[in-house]
Amino acid sequence: MTTKRPTITLVLGDITEQHSDVLVNAANSSLLGGGGVDGAIHRRGGPEILAACRALRGSHYGKGLPTGQAVATTAGRLHAQHVVHTVGPVWSRTQDRSALLASCYRESLRVASELGARTVAFPAISTGVYGWPLDDGARIAVRTVREAALPPITEVRFVLFDEEAYAHFDRALTA
Ligand code: AR6
């Protein structure tokens with residue numbers, strides 16, 4: 001039997017306004033918050049998420065969550081069951097870190113599927129503060145999600161914050 005691959009959809013908007021079983025956070029390895037998506041998720045999700053992140057630091061991730069890995073917490077007040085936090089790589093001109101970026105998408109989907117999620121919403125990981133070029137970031141995101149077949153996930157939604165990011169994902173999807 002072949003496993004059905006999830007449908008990929010694109011949305012222009014703010015990930016914190018999405019309704020989805022899992023919302024993915026573009027976090028940093030401290031798990032203690034930051035700017036961009038991370039700041040917005042903690043602001044709108046409320047202190048429960050930070051408390052859960054602190055607990056993870058105290059238990060499994062004393063040294064922080066390594067780049068390319070993913071871990072779940074409560075979604076607090078967000079319209080989701082869980083937030084999955086992943087740490088994207090910082091863009092480098094001299095080093096190819098694309099395997100780590102792909103790993104963020106793959107590991108987030110693996111964690112979401114273990115939680116029984118049907119729908120997963122992603123931001124464009126690493127393409128903000130971490131400086132990854134949008135065209136390449138979009139290609140890696142789409143390619144990695146396309147390769148994944150992780151039941152019960154049926155829909156993967158990329159939530160793009162501006163027209164430029166949306167256009168890059170649209171191009172990657174139709175390529
Ligand atoms: N909804 C959807 N997309 C957003 C939102 C939002 N509310 N806000 C920003 N974006 P970034 P990174 C887009 O910087 O590059 C944080 O400080 C944004 O336009 O959030 O992985 C963390 O703590 C960009 O396209 O994440 C880390 O230190 C994309 O989301 C660091 O930034 C990712 O931008 C992680 O940097």
Side-chain angles (χ1 to χ4, degrees), residues 8-47 49-54 56-57 61 63-73 75-80 82-93 95-109 111-112 119-142 144-145 155-173:
I8 300 178
T9 55
L10 305 185
V11 174
L12 182 63
D14 181 337
I15 197 164
T16 65
E17 289 170 6
Q18 296 292 307
H19 292 243
S20 177
D21 292 338
V22 161
L23 299 178
V24 176
N25 181 19
N28 61 59
S29 108
S30 82
L31 290 175
L32 300 178
V37 174
D38 200 9
I41 281 185
H42 281 284
R43 245 185 337 269
R44 282 189 82 138
I49 301 178
L50 186 59
C53 286
R54 282 194 205 284
L56 283 169
R57 284 298 305 268
Y61 299 103
K63 292 184 178 157
L65 181 66
T67 304
Q69 294 192 22
V71 69
T73 66
R77 294 194 292 260
L78 296 168
H79 307 295
H82 303 275
V83 169
V84 168
H85 307 261
T86 189
V87 183
V90 176
W91 164 255
S92 163
R93 233 171 245 292
Q95 223 180 34
D96 181 7
R97 298 180 178 163
S98 49
L100 284 170
L101 184 56
S103 173
C104 288
Y105 288 100
R106 204 176 307 112
E107 285 300 298
S108 297
L109 289 173
V111 170
T119 54
V120 179
F122 279 103
I125 299 165
S126 286
T127 66
V129 173
Y130 283 176
W132 207 284
L134 265 168
D135 54 350
D136 197 51
R139 271 196 301 271
I140 292 168
V142 168
T144 308
V145 169
E155 187 206 343
V156 173
R157 196 181 313 151
F158 290 110
V159 185
L160 294 325
F161 209 39
D162 55 33
E163 307 267 357
E164 192 195 354
Y166 188 97
H168 281 291
F169 274 74
D170 198 32
R171 213 164 297 141
L173 208 50

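Residue indices begin at 1 and follow the sequence shown. All ligand and atom numbering here is 1-based and tracks the order in the structure. Values in this document were obtained by computation on a predicted structure and should not be read as measured data.
Residue Tyr61 forms a side-chain contact (heavy atoms from CB on, under 4.5 Å) with just one option from Pro66, Ser29, Cys53, and that option is Pro66.
With a 4.5 Å cut-off on side-chain heavy atoms, Val90 and Arg97 count as touching. Put simply, the side chain of Tyr105 does not reach to within 4.5 Å of the side chain of Val156, judged on heavy atoms.
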In a simple table, one pair per line, please give the protein and ligand 1 atom names for every N or O pair closer than 3.5 Å, along with the distance.
{"unit_1": "ligand 1", "atom_1": "1 (N)", "unit_2": "Ile15", "atom_2": "N", "d": "2.9"}
{"unit_1": "ligand 1", "atom_1": "7 (N)", "unit_2": "Asp14", "atom_2": "OD1", "d": "2.9"}
{"unit_1": "ligand 1", "atom_1": "14 (O)", "unit_2": "Val129", "atom_2": "N", "d": "2.8"}
{"unit_1": "ligand 1", "atom_1": "15 (O)", "unit_2": "Ser126", "atom_2": "O", "d": "3.4"}
{"unit_1": "ligand 1", "atom_1": "15 (O)", "unit_2": "Thr127", "atom_2": "N", "d": "3.4"}
{"unit_1": "ligand 1", "atom_1": "15 (O)", "unit_2": "Gly128", "atom_2": "N", "d": "2.8"}
{"unit_1": "ligand 1", "atom_1": "15 (O)", "unit_2": "Val129", "atom_2": "N", "d": "3.2"}
{"unit_1": "ligand 1", "atom_1": "15 (O)", "unit_2": "Tyr130", "atom_2": "N", "d": "3.1"}
{"unit_1": "ligand 1", "atom_1": "17 (O)", "unit_2": "Gly35", "atom_2": "N", "d": "2.7"}
{"unit_1": "ligand 1", "atom_1": "20 (O)", "unit_2": "Val37", "atom_2": "N", "d": "2.8"}
{"unit_1": "ligand 1", "atom_1": "21 (O)", "unit_2": "Ser126", "atom_2": "N", "d": "2.8"}
{"unit_1": "ligand 1", "atom_1": "23 (O)", "unit_2": "Asn28", "atom_2": "ND2", "d": "2.7"}
{"unit_1": "ligand 1", "atom_1": "23 (O)", "unit_2": "Asp38", "atom_2": "OD2", "d": "2.7"}
{"unit_1": "ligand 1", "atom_1": "25 (O)", "unit_2": "Thr127", "atom_2": "OG1", "d": "2.7"}
{"unit_1": "ligand 1", "atom_1": "28 (O)", "unit_2": "Asn28", "atom_2": "ND2", "d": "3.3"}
{"unit_1": "ligand 1", "atom_1": "28 (O)", "unit_2": "Tyr130", "atom_2": "OH", "d": "3.4"}
{"unit_1": "ligand 1", "atom_1": "34 (O)", "unit_2": "Gly128", "atom_2": "N", "d": "3.4"}

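Under the side chain to side chain donor-acceptor pair (under 3.5 Å) criterion, no residue pair touches residues 121-130, with sequence neighbours excluded.
The aromatic rings of Phe169 and Phe158 sit tilted, their planes meeting at an angle between 30° and 60°.
Of the possible polar contacts, none joining the Asn28 side chain to the Val87 backbone as a donor-acceptor pair under 3.5 Å is found.
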